[in-house]
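First up is the structure itself, then whatever we jot down about it.
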2 protein chains.
Amino acid sequence: MANVFKGKLPCGYPASVSSKTPISSSNEGEAAHSLRHVAQLAGVSVATASRVMSGSSHPVSTKTRERVLSAADRLSFEPNRLARALVTAKSQTVGVIVHDISDPYFGEIVKGLEDGLHSEDYRLFVASSDRDPVKELDYVRAFHAHQVDAIVFAASSLTDPSYAEALETLSARFRVRGGVIVVLSDHLLEGPRVRFDNRRAVADMVGYLVGRGHRRVGYISGPPELLVSGVRLAGFTTAVAEFGLATGPEYIANGGFTVTGGGAAMGQLLEDVDVTAVVAASDLMAIGAMRQLLASGVSVPEEISVAGLDDIPIAEYGPVPLTTMRVPTYEIGRHGASILLEALAGETPDDVVLSSQIIERESVATVETPG
Amino acid sequence: MANVFKGKLPCGYPASVSSKTPISSSNEGEAAHSLRHVAQLAGVSVATASRVMSGSSHPVSTKTRERVLSAADRLSFEPNRLARALVTAKSQTVGVIVHDISDPYFGEIVKGLEDGLHSEDYRLFVASSDRDPVKELDYVRAFHAHQVDAIVFAASSLTDPSYAEALETLSARFRVRGGVIVVLSDHLLEGPRVRFDNRRAVADMVGYLVGRGHRRVGYISGPPELLVSGVRLAGFTTAVAEFGLATGPEYIANGGFTVTGGGAAMGQLLEDVDVTAVVAASDLMAIGAMRQLLASGVSVPEEISVAGLDDIPIAEYGPVPLTTMRVPTYEIGRHGASILLEALAGETPDDVVLSSQIIERESVATVETPG
DNA sequence: TTGTAAGCGTTATCAC
DNA sequence: GTGATAACGCTTACAA
């Protein structure tokens, strides 16, 4: 009924010759193979080949299935996921945003994510924002453009106000396109979330120190541009108030989440206040503080106790094995993968709440003569 | 001349009504926008819109360009990179294979890669193989399927023979599709490469020890299933021969590239031989060795010196600040990005050769009374 | 300088 | 159970 036309049709096809049939006779093992090659070799239609290759539920006879499979095998055919994604609107990719992928804290979260996602055939883009609002927004846009099925915020959000607004806009747009957002950090964004109570972790650590007789404890805080820094600091100040400890701004110094920053902050505390213990908002800073103390000739923990937060691998091997609060980074990533998968499946996963745990090592001593 | 047909055309279009014109009148800010929406809003064809959005060199009048740009802006249009990739055969993505992304050694390489690639608008997939041949091959296949423009092998290849063969096949296939392979490790695969001479690094470290008077030095090796372990070990054995040091299989113990493995290996060396120094094939193992030594009551470096390899961040902060050979991981990644970009541009980049450097800290002593 | 439409490699909707 | 073919959103000849 159709092919009554001669010559060129309005849509540009020559009438009786399928332009889909390539001229090349034998192109085995020479270039990239598409479904069409597989179909040809198997002597079936592209549709049928697609059905077997994509694991469609559409019925295909066993015989045909085998022919297609063997053809695909002969050509070592690998379906083009981009093409598939274009029509299914599912790319099987996830983007994760961290502050710095060389930081084991994030490395472990990403590892957890990867372990949970690999078997479900999802691939992971990683992006280090370097805490730069512009860069982070850039990455979010790029992920969107690459049609990731989900974006994971493993990095705490930044406190920059214009960033907040822009991120809200971008994420709303991403969600409109069906994108899922998972949050694994202290963040302004909503979404399926793995919660770790940073506030309480610090407060508990202070409580632990109080239990060991400390009444004058200093705090080395993270960089103010990170939301998590504020949360952890709040844990400290509320605990100080609650326990009625010595207080005042001079008990707090900014260590910027680095070893050297921690050392400098410790030096400052040494000058300003007379403490028996210090809690650092991160292990890295705690190690810096210990080094500073040791270098200044004050013994740890005999004269001053030092407590950290995170329990990174280094913690155990520092100058003095560090007593710290474990943040279950790998588990955060792993559970993140689970709720991500659930959300992608259209479910509404419950938030996961992970608890912390004090790892007692040798950097905290009991004060014999309190006060 | 075309629209003389009535009714359904062979290609399925109703004759006079462009099926490309959607019914919906106002779909602002509601769903994902495509180029078509932008073109419509700007009152131009999709082709023209594409030209301005993709930065094509095809001429477009300033006026039109502005109209398109403002339309895109109004719709906050973000081009679909998947669709673009499908036609251009360039996905602007790169896949990197590491052993474990939570290991800072690889984290830093990935960071270097990312820093070099981000500005060129390439996104990074990361994959941790866990040194599992099956998993690694799986990832390579997946990267291929996702049409990455390049695959970076940051992880040393495995010594498993069937893996070698399979990887050769897969990589050949990937290259046929125009894929670029970059090698940043000791690897069986060829390709643009950043070289770091692991063999020589170890040999130099032994030379350094000899210069400090050591004549009996032990070696803690990496896991035999990694190519790099063999390369580093070769550096040790040739140096031992060259300098005429005490030798024998009992001077070598396998530490598996872990802290605990390093400790166990040290324990074994302690039983089997009488050495004045030990070089470990990685800092992690060196730290384990130091801990084992200290726990056994032997002082470092007074009784036994310990030297590492890598200079990971921990190295400086261990029980005794570790003397080690720096492997410039970040630079490896950074240079990797450069040659990757060159290769992608169709050039044939020269291999980059990076040299090592001894970082003298406190874990190596001079032997006063050489053996 | 602009527009038309073919085509990238899939899946999905129909018809048979 | 199988096959045509429209469609996904884009780029790119080719025409005008």
Side-chain angles (χ1 to χ4, degrees), chain A residues 1-3 8-14 18-22 31-40 42-65 67-68 77-92 145-147 177, chain B residues 1-3 8-14 18-20 22 31-39 42-65 67-68 77-92 145-147 177:
Chain A
M1 51 195 79
N3 283 346
K8 223 184 167 206
L9 295 181
C11 24
Y13 289 113
S18 167
S19 71
K20 296 267 174 144
T21 309
H33 293 296
S34 76
L35 215 36
R36 219 182 62 243
H37 300 110
V38 175
Q40 248 165 219
V44 301
S45 71
V46 177
T48 301
S50 167
R51 281 169 193 135
V52 1
M53 295 315 293
S54 67
S56 155
S57 61
H58 195 104
V60 173
S61 78
T62 320
K63 220 166 191 169
T64 310
R65 161 164 282 114
R67 281 224 310 287
V68 172
F77 169 74
E78 196 72 58
N80 184 328
R81 310 298 290 253
L82 266 36
R84 176 180 293 178
L86 194 56
V87 30
T88 61
K90 255 85 193 66
S91 65
Q92 297 290 124
H146 279 279
Q147 312 295 118
R177 270 199 204 173
Chain B
M1 52 190 77
N3 284 345
K8 222 183 166 206
L9 295 182
C11 24
Y13 290 112
S18 167
S19 71
K20 296 267 171 142
H33 293 296
S34 76
L35 252 193
R36 219 181 64 240
H37 299 111
V38 175
V44 300
S45 72
V46 177
T48 301
S50 166
R51 282 170 192 134
V52 1
M53 294 315 292
S54 67
S56 155
S57 62
H58 195 102
V60 173
S61 77
T62 320
K63 220 165 190 170
T64 310
R65 161 163 281 114
R67 282 224 309 286
V68 172
F77 169 74
E78 195 73 57
N80 184 329
R81 311 298 291 253
L82 265 37
R84 176 179 293 178
L86 195 55
V87 27
T88 61
K90 256 84 193 68
S91 65
Q92 298 289 122
H146 279 279
Q147 312 295 119
R177 270 200 205 173

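All values below were derived from every heavy atom in this structure, side-chain atoms included, with hydrogens, water molecules and symmetry-related copies excluded. Because the structure is predicted, anything quoted here is derived from the model rather than measured.
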### Message
Set out, in order, the CA-CA distance, both residues' side-chain angles and the distance that settles side-chain contact (heavy atoms from CB on, under 4.5 Å) for A/Val38 and A/Val46, then state yes or no.
### Response
CA-CA 8 Å; A/Val38 175; A/Val46 177; over 6 Å; no
#### Entry: Step-by-step side-chain contact (heavy atoms from CB on, under 4.5 Å) determination, B/Phe77 to B/Met53
CA-CA 10 Å; B/Phe77 169 74; B/Met53 294 315 292; 3.8 Å; yes
### Message
Please evaluate residues A/Ser91 and B/Leu82 with respect to the criterion side-chain contact (heavy atoms from CB on, under 4.5 Å), reporting the C-alpha separation (whole Å), side-chain torsions for both, the decisive distance (0.1 Å), and the verdict.
### Response
CA-CA 9 Å; A/Ser91 65; B/Leu82 265 37; 4.1 Å; yes
### Query
Do B/Arg177 and A/Glu78 pass the side-chain contact (heavy atoms from CB on, under 4.5 Å) test, and can you show the C-alpha distance, the side-chain angles, and the key distance before you say yes or no?
CA-CA 11 Å; B/Arg177 270 200 205 173; A/Glu78 196 72 58; 3.8 Å; yes
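Residue B/His33 contributes atom NE2, which lies 16 Å from atom P of D/dC8 at whole-angstrom precision. Following rounding to the nearest Å, B/Gln92 (CD) and D/dG9 (P) show an atom-to-atom distance of 21 Å. The nearest whole Å value for the distance from the CG atom in A/Leu86 to the C1' atom in D/dC8 is 4 Å. Atom NZ of A/Lys90 is separated from atom C1' of D/dG9 by 17 Å (rounded to the nearest Å). Distance CD (A/Gln147) to C1' (D/dG9): 9 Å, rounded to an integer number of Å. Here C/dT10 presents its P atom at 13 Å from NE2 of B/His146, a figure rounded to the nearest Å. The distance from atom CG of B/Asn80 to atom C1' of D/dA7 is 14 Å, rounded to the nearest whole Å. In this structure, B/Arg65 atom CZ and C/dT2 atom C1' are separated by 13 Å, rounded to whole Å.
Taking every heavy atom of both residues into account, B/Val87 and B/Ala83 meet most closely at CG1-O, 3.2 Å.
Helical stems of DNA chain C (runs of at least 3 Watson-Crick or G-U pairs, donor-acceptor distances under 3.5 Å) are listed by first residue: C:1-16 with D:1-16.
When atom types are taken as modelled, the side chain of B/Arg67 and the backbone of B/Ala42 share a donor-acceptor pair closer than 3.5 angstrom.
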Distances under 3.5 Å between nitrogen or oxygen atoms of protein and nucleotides 11-15 of chain D:
from	atom 1	to	atom 2	distance (Å)
D/dT11	OP1	B/Arg84	NE	2.6
D/dT11	OP1	B/Arg84	NH2	3.1
D/dT11	OP2	B/Ser50	OG	2.5
D/dA13	N6	B/Arg51	NH2	3.0

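In this structure, B/Val52 and B/Thr64 have side chains that are not in contact, with every pair of non-hydrogen atoms separated by 4.5 Å or more. With a 4.5 Å cut-off on side-chain heavy atoms, B/Leu86 and A/Asn80 count as touching.
Applying the 4.0 Å criterion to OP1 and OP2 of D/dG9, one finds that B/Ser34 has every side-chain N and O outside that range. OP1 or OP2 of D/dT2 lies within a sub-4.0 Å distance of a side-chain N or O belonging to A/Ser61.
Listed by chain and number, the residues in a side-chain contact (heavy atoms from CB on, under 4.5 Å) with B/Arg84 are B/Ser54, B/Pro79, B/Arg81, B/Thr88 (sequence neighbours excluded).
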